[in-house]
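The structure under discussion appears below in the form of C-alpha cells.
As a basis for the values below, the full set of heavy atoms in this structure was taken, side chains included, without hydrogen atoms, waters or symmetry mates. Being a predicted model, the structure only gives us computed values, none of them experimental.
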Amino acid sequence: MKVLIVEDDELFSGRLEMLVENLGYQLAGVAANSEVALRIARETPPDLLLLDIHIQGEYDGIELAGLIQKDHPV
C-alpha cells in the first residue's frame, strides 16, 4: 500500500512518515502544498492519503482529495 502524506508542518509530517514506514507501508511521497501533492499523486498514484485540511497552495486538503480522487480512486 502506497501512502501520500500532505502536511505543511515538517515535524508532524516527519512523524507521520516514520509511522507509515514502521507499519510496513510504502511511502508514495511527502508534500507541503497542493501543487507538489498533485504532481506526486500523478507520478506515483497512492492507495491512501493522509491530508492536512489547511495546507499551502491553490487547493485546501478537501479540494485536493477530490482532485486526486478524479484521477485515481483512493
Side-chain angles (χ1 to χ4, degrees):
M1 176 180 292
K2 292 178 285 193
V3 180
L4 173 58
I5 298 170
V6 184
E7 171 61 59
D8 51 8
D9 181 320
E10 288 183 38
L11 180 62
F12 194 58
S13 66
R15 289 185 178 189
L16 285 172
E17 185 175 350
M18 288 188 327
L19 178 63
V20 166
E21 291 172 350
N22 287 340
L23 290 172
Y25 298 118
Q26 182 182 355
L27 193 64
V30 178
N33 62 60
S34 61
E35 290 79 14
V36 172
L38 282 172
R39 182 179 47 80
I40 292 171
R42 289 182 178 127
E43 292 171 0
T44 308
D47 300 302
L48 177 69
L49 300 171
L50 297 178
L51 294 169
D52 184 357
I53 293 173
H54 302 287
I55 57 172
Q56 299 172 6
E58 184 176 347
Y59 307 104
D60 66 22
I62 294 170
E63 294 168 323
L64 178 61
L67 291 170
I68 293 173
Q69 180 71 23
K70 285 181 184 179
D71 291 338
H72 178 76
V74 180

**Request:** Establish whether Ile40 and Val3 are linked, either directly or via other cluster members, by ILVMFWY side-chain heavy-atom contacts under 4.5 Å.
**Result:**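 They do not share one cluster, since no chain of ILVMFWY contacts under 4.5 Å joins Ile40 to Val3.
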**Asked** Would you say Val6 and Phe12 are hydrophobically clustered, going by side-chain heavy atoms of ILVMFWY under 4.5 Å?
**Response**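 Looking at the clustering, Phe12 is in a separate group from Val6.
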Polar side-chain atom of [X] near backbone of [Y] as donor-acceptor pair, under 3.5 Å:
X: Lys2; Y: Pro45; result: yes
X: Thr44; Y: Ala41; result: no
X: Asn33; Y: Val36; result: yes
X: Glu7; Y: Ala32; result: no
X: Gln56; Y: Ser34; result: no
X: His72; Y: Arg42; result: no

Does the side chain of [Y] come within less than 4.5 Å of [X]'s, by heavy atoms?
X: Glu63; Y: Asp60; result: yes
X: Ile5; Y: Leu27; result: yes
X: Ile55; Y: Leu64; result: yes
X: Val20; Y: Leu48; result: no
X: Glu43; Y: Arg39; result: yes

Working to the nearest 0.5 Å, report the span between [atom1] of [X] and [atom2] of [Y].
X: Leu50; Y: Ser13; atom1: CG; atom2: OG; result: 11.0 Å
X: Ile62; Y: Ile53; atom1: CD1; atom2: CD1; result: 4.5 Å
X: Ile68; Y: Tyr59; atom1: CD1; atom2: OH; result: 11.0 Å
X: Leu16; Y: Glu21; atom1: CG; atom2: CD; result: 11.0 Å

Determine the minimum heavy-atom distance between [X] and [Y], stating which atoms define it.
X: Leu51; Y: Ala65; answer: CD1-CB, 3.5 Å
X: Leu4; Y: Ala37; answer: CD2-O, 3.8 Å
X: Met1; Y: Asp47; answer: CA-OD2, 3.4 Å

**Message:** For the CG atom on Leu19, are there more than 12 heavy atoms of other groups (residues, nucleotides or ligands in this structure) within a distance under 6.0 Å?
**Reply:**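 Counting other residues, nucleotides and ligands, CG of Leu19 exceeds 12 neighbours.
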